[in-house]
Amino acid sequence: MSKSSPKDLAELMQRANLMAGISLADIANDNGITVPDNLRRDKGWIGQLIELELGAMAGSKPEQDFLHLGVELKTIPIDHTGKPLETTYVTVAPLTNIQGLTWENSLVYHKLQRVLWIPVEGDRSIPVGQRRIGTPLLWSPSASEMSLLKQDWEEIMELIALGKVDTITARHGEVLQLRPKAANSQALTESIGPDGQTQLSNPRGFYLKIAFTQQILTHAFN
DNA sequence: AAGTGATCATAG
DNA sequence: CTATGATCACTT
């Protein structure tokens with residue numbers, strides 16, 4: 001029951017709009033998938049389900065989900081108020097070979113060019129299968145949003161370039177933050193050390209903070 | 001209760 | 001391990 005990839009933006013949006021108000025159980029049944037009791041061991045389940053329903057390319061390539069449409073797909077858990085319940089993962093952060101890397105050439109910049117947000121009820125009190133999908137939002141950062149993202153990205157990347165990756169915490173950045181992104185805290189990858197040498201650090205990823213995504217949704221639906 | 005750091009499943 | 005999809009769960 002795998003869907004074909006939408007041929008154009010209009011078709012993608014049409015499919016996304018048709019999911020609004022539908023429960024995850026209905027989407028799962030439609031795709032022959034079993035709904036897990038909770039997401040503890042299936043943290044990416046909702047995202048994978050929506051990808052399947054919308055016909056996103058499978059695989060784990062570091063690129064947009066709908067490359068031919070220039071669209072990145074993101075499901076976002078929201079509470080009964082419409083406020084995001086979690087930060088949004090964007091991409092892995094490069095910790096080495098970053099000399100000359102600019103904001104405009106970064107993976108964060110490219111992925112956030114155009115995002116199709118799919119809000120999904122996320123309160124843990126609601127059984128996973130009963131959670132409903134919300135109204136989709138096709139978003140591209142405004143000039144001011146882009147400016148904030150660029151500032152945070154440049155600040156964080158400079159610290160990484162200076163060999164201070166291990167001193168960066170989630171408190172750095174106004175809208176974009178750097179946090180661990182690995183199987184566990186023991187996972188290691190190469191990074192730049194204090195004296196410019198190669199060292200090992202826990203892999204990191206870029207995440208959008210809740211206040212930022214909340215504004216994106218608020219501005220669109222209010 | 002919020003926010004940060006840790007973690008889970010899977011494909012290649 | 002890297003990268004995808006994210007949420008969990010402990011600390012403050």
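The shown structure was predicted, so the numbers you read here are calculated from the model rather than taken from an experiment. Quick note on labels: first sequence line is chain A, next is B, and so on, each numbered from 1.
- One N or O on the side chain of A:Q197 and one on the backbone of A:D195 form a donor-acceptor pair closer than 3.5 Å.
- In summary, the side chains of A:S191 and A:Q199 do present a donor paired with an acceptor at a separation below 3.5 Å, with no hydrogens or angles considered.
- One N or O on the side chain of A:N29 and one on the backbone of A:A25 form a donor-acceptor pair closer than 3.5 Å.
- A:W45 CH2 to A:L24 CG: the interatomic distance, rounded to the nearest 0.5 Å, is 5.5 Å.
- Heavy atoms of A:L188 sit under 4.0 angstrom from primed sugar atoms or phosphate atoms, though from no base atom.
- On the nucleic acid side, DNA chain C contacts chain A at distances under 4.0 Å to non-hydrogen atoms, with the end points of that region at C:dC1 to C:dA9.
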Can you give one letter per nucleotide of nucleotides 1-12 of chain B, going 5' to 3': B for a protein heavy atom under 4.0 Å from the base, S for sugar-phosphate only, - for none? ---SBBBBS---
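- Residues A:V90 and A:L112 form a side-chain contact, since some pair of their non-hydrogen atoms from C-beta on lies under 4.5 Å apart.
- Listed by first and then second residue, the side-chain hydrogen bond (donor to acceptor under 3.5 Å, both in side chains) pairs involving residues 212-221 of chain A amount to none (not counting sequence neighbours).
- Judged as a salt bridge (charged side-chain N to carboxylate O under 4.0 Å, His left out), the pairs with a partner in residues 137-165 of chain A (not counting sequence neighbours) are, in order, A:E104-A:K150.
- Remark: A:K111, A:R124 in residues 108-136 of chain A come within less than 4.0 Å of DNA chain C through at least one heavy atom.
- Sorted by first and then second residue, the salt bridge (charged side-chain N to carboxylate O under 4.0 Å, His left out) pairs with a member in residues 5-20 of chain A read A:K7-A:E11, A:E11-A:R15; sequence neighbours excluded.
- Contacts between residues 212-222 of chain A and DNA chain B, defined by a heavy-atom separation below 4.0 Å, involve no residue at all.
- Residues in residues 170-193 of chain A take part in no salt bridge (charged side-chain N to carboxylate O under 4.0 Å, His left out) pair, two or more places apart or across chains.
- A:F66 and A:V108 fall into different hydrophobic clusters, where Ile, Leu, Val, Met, Phe, Trp and Tyr side chains are chained together by heavy-atom contacts under 4.5 Å.
- A search for salt bridge (charged side-chain N to carboxylate O under 4.0 Å, His left out) contacts involving A:K74 returns A:E72, not counting sequence neighbours.
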Worked check of salt bridge (charged side-chain N to carboxylate O under 4.0 Å, His left out) between A:R204 and A:D166: CA-CA 10 Å; A:R204 313 302 170 90; A:D166 291 334; 3.2 Å; yes
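- Using a 4.0 Å heavy-atom criterion, one finds that A:D79 contacts no nucleic acid atom at all.
- A:Q64 comes within 4.0 angstrom of no nucleic acid atom, judged by non-hydrogen atoms across all strands.
- The list of salt bridge (charged side-chain N to carboxylate O under 4.0 Å, His left out) pairs with a residue in residues 119-132 of chain A, not counting sequence neighbours, reads A:E121-A:R132.
- Applying the ring pair (Phe, Tyr, Trp, His ring centres under 6.0 Å) test to every pair with at least one member in residues 68-92 of chain A, sequence neighbours left out, gives these pairs: A:Y89-A:Y207.
- Residue-to-nucleotide proximity on DNA chain C shows that, of A:I46 and A:Y89, the 5′-proximal contact is made by A:Y89.
- Computed from C1' positions of five pairs at each end, the angle between the two local axes of the helix from B:dA1-C:dT12 to B:dG12-C:dC1 equals 30°, rounded to 10 degrees.
- Side chain of A:N202 to main chain of A:A187: a donor-acceptor pair is present (N/O by atom type, distance under 3.5 Å, no hydrogens or angles).
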